[in-house]
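Working notes, structure below.
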Amino acid sequence: MAETIVTPNDFIVPLFVTEGKGIKYPIPSMPNYFRLSLDNLQKEAKELWALGLKSVLLFAMVADNLKDDKCSEALNEKGLLVRAVKAVKEAVPEMCVMTDVALDPFSPHGHDGLVKGHEILNDETVEVLAKMSVLHAKAGADFVAPSDMMDGRIGAIREGLEEHGYTKTGILAYSAKYASCFYGPFRDALDSAPGFGDKKTYQMDYRNRTEALKETIDDINEGADIVMVKPAMAYLDIIREIRNAVEVPVAAYHVSGEYAMIKAAAERGWLDEKKAIIESVTAIKRAGANLIASYFAKDFAKMV
């Protein structure tokens, strides 16, 4: 009689990559999650595939000496994220590889866009994001996932992909990404916290609901193949609103803060971790998510 059944097929697995060899660096605020060097990334991809997890979302940990105001490392054809895509495809050719498209890992300011003074430059950022997306598609990415929330970037990315012949590369748009306190551990994972101010000038106000629909519909009209709500647990109403309004697949990002809260409570014996994970991801799917990006994906797959 159960109406909602979650399986490993429902998940996108976020993975953090770093330079080096033999590295599996624990992220302090995300227990049992790691930054991986490319050799360990390949091992992880094979293990995920064996568990029935068929999609990964890659994020790069960029060294401070490679960060500059132009975020030039984002367009490096031999950059870490480009090599990570190739590494996963070499290890598991059928894995659906998605890549993070944003400038915060490459910026000394920790913001998702280019910066002038204390202003985020929307249009100039969009140009870089489009070039970055083409670079990832060339490397073999199946989907690019712009997480920046700049206006007009989906249209520019779609145009760039089409112009360069990457007509089969999909766009997973972070369409309703809220300015949330639940991203803290993620920024710890990539050392990408904002150097000044916050991200409220381009991420969404958590008090708003109809804005999420507008942003999502705009992204679909510009060429998004999948739309995403982020975070997930505190935004189940938004997931349902969007699911009811659109015909494309809807993803939800079960974010690092949501992961860390369950882990911390479980460590103290305040929650049954297994039950909390299953209930949480089931609620996200029940709300209307077709795909769930979650740090619990591997744990869930092992449970079932």
Side-chain angles (χ1 to χ4, degrees), residues 1-14 53-55 57 96 98 100 143 145-149 151 153-154 170-184 186 199-200 202-262 265 271 274-297 299-301 303-304:
M1 299 296 288
E3 298 174 17
T4 306
I5 304 295
V6 182
T7 75
N9 272 338
D10 296 315
F11 288 98
I12 301 167
V13 186
L53 295 161
K54 300 173 182 177
S55 179
L57 176 57
C96 179
M98 302 180 174
D100 180 53
F143 278 81
S147 62
D148 56 286
M149 288 297 285
D151 291 337
R153 90 273 201 215
I154 302 301
I171 301 175
L172 185 157
Y174 287 62
S175 298
K177 182 179 180 180
Y178 285 84
S180 171
C181 69
F182 292 109
Y183 303 149
F186 175 93
K199 300 190 177 186
K200 292 180 180 179
Y202 48 97
Q203 293 179 357
M204 284 183 51
D205 187 331
Y206 59 76
R207 297 169 293 186
N208 292 358
R209 181 170 136 199
T210 55
E211 183 187 0
L213 286 172
K214 178 187 179 299
E215 294 278 2
T216 300
I217 291 168
D218 283 349
D219 283 355
I220 293 169
N221 289 338
E222 290 179 24
D225 299 289
I226 303 172
V227 294
M228 185 150 70
V229 178
K230 183 181 179 182
M233 287 300 295
Y235 297 84
L236 297 180
D237 60 319
I238 305 300
I239 297 170
R240 173 49 58 186
E241 285 274 7
I242 290 173
R243 176 65 282 160
N244 289 345
V246 307
E247 296 181 359
V248 302
V250 176
Y253 203 135
H254 197 200
V255 299
S256 59
E258 295 166 334
Y259 173 88
M261 287 193 299
I262 291 175
L271 280 179
K274 180 179 178 180
K275 290 180 179 179
I277 292 169
I278 294 172
E279 184 174 339
S280 297
V281 297
T282 302
I284 295 167
K285 184 173 181 179
R286 188 191 65 233
N290 304 102
L291 296 164
I292 305 168
S294 177
Y295 304 102
F296 285 123
D299 290 340
F300 180 89
M303 288 176 198
V304 301

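Of the charged side-chain nitrogens involved, at least one lies within less than 4.0 Å of a carboxylate oxygen, so that D148 and R153 count as a salt-bridged pair.
The distance from atom CD1 of I154 to atom CG of N221, rounded to the nearest 0.5 Å, is 12.0 Å. Within the model, atoms CD1 of I292 and CD1 of I284 stand 5.0 Å from one another, a figure rounded to the nearest 0.5 Å. For the atom pair CG of L57 and SG of C96, the computed distance is 10.0 Å after rounding to the nearest 0.5 Å. Rounding to the nearest 0.5 angstrom, the gap separating the OG atom in S294 from the CG atom in L53 is 10.0 Å. Taking CD1 of I278 as the reference point, atom CE of M303 lies at 5.5 Å (rounded to 0.5 Å).
Judged purely by atom type and a 3.5 angstrom limit, K54 has no side-chain atom pairing as donor or acceptor with the backbone of N9. With hydrogens and angles disregarded, a donor-acceptor distance shorter than 3.5 Å links the side chain of E258 to the backbone of M233. With hydrogens and angles ignored, the 3.5 Å screen pairs a side-chain donor or acceptor of K177 with a backbone N or O of S147. Remark: side-chain polar atoms of D219 are not paired, donor with acceptor, to backbone N or O of T216 under 3.5 angstrom.
Only one option out of Y235, Y295, Y183 pairs with Y253 in a side chain to side chain donor-acceptor pair (under 3.5 Å); it is Y295. Of the options T4, L291, I239, a side chain to side chain contact (heavy atoms under 4.5 Å, CB included) to K285 is made by T4 and by none of the others. Screening I226, I238, V227 for a side chain to side chain contact (heavy atoms under 4.5 Å, CB included) involving V250 leaves a single residue, V227.
Summarising the geometry of L236 relative to A283, their closest heavy-atom pair is CD2-O, 4.0 Å, with the distance given to 0.1 Å. Contact between P231 and Y178 at its shortest, heavy atoms only, is CD-CB, 4.2 Å. The shortest non-hydrogen separation linking S280 to I262 is OG-CD1, 3.5 Å. Of all heavy-atom pairs spanning F11 and S55, the tightest one is O-CB, 4.0 Å.
A heavy-atom distance below 4.5 Å is found between the side chains of I242 and L213. The shortest distance between side-chain heavy atoms of V246 and R243 falls below 4.5 Å.
N208 meets the side chain to side chain donor-acceptor pair (under 3.5 Å) test with E211; sequence neighbours excluded. Contacts of R286 classified as salt bridge (Lys or Arg N to Asp or Glu O under 4.0 Å), with partners at least two apart in sequence or in another chain: none. Looking at residues two or more places apart in sequence or on another chain, you find no salt bridge (Lys or Arg N to Asp or Glu O under 4.0 Å) involving K274.
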Step by step, would you call S180 with Y206 a side chain to side chain contact (heavy atoms under 4.5 Å, CB included)? CA-CA 7 Å; S180 171; Y206 59 76; over 6 Å; no
Mind running side chain to side chain contact (heavy atoms under 4.5 Å, CB included) on D10 and V281 for me, showing each step along the way? CA-CA 10 Å; D10 296 315; V281 297; over 6 Å; no
Does the pair R209 and D237 meet the rule for a salt bridge (charged side-chain N to carboxylate O under 4.0 Å, His left out), with working shown? CA-CA 9 Å; R209 181 170 136 199; D237 60 319; 5.2 Å; no
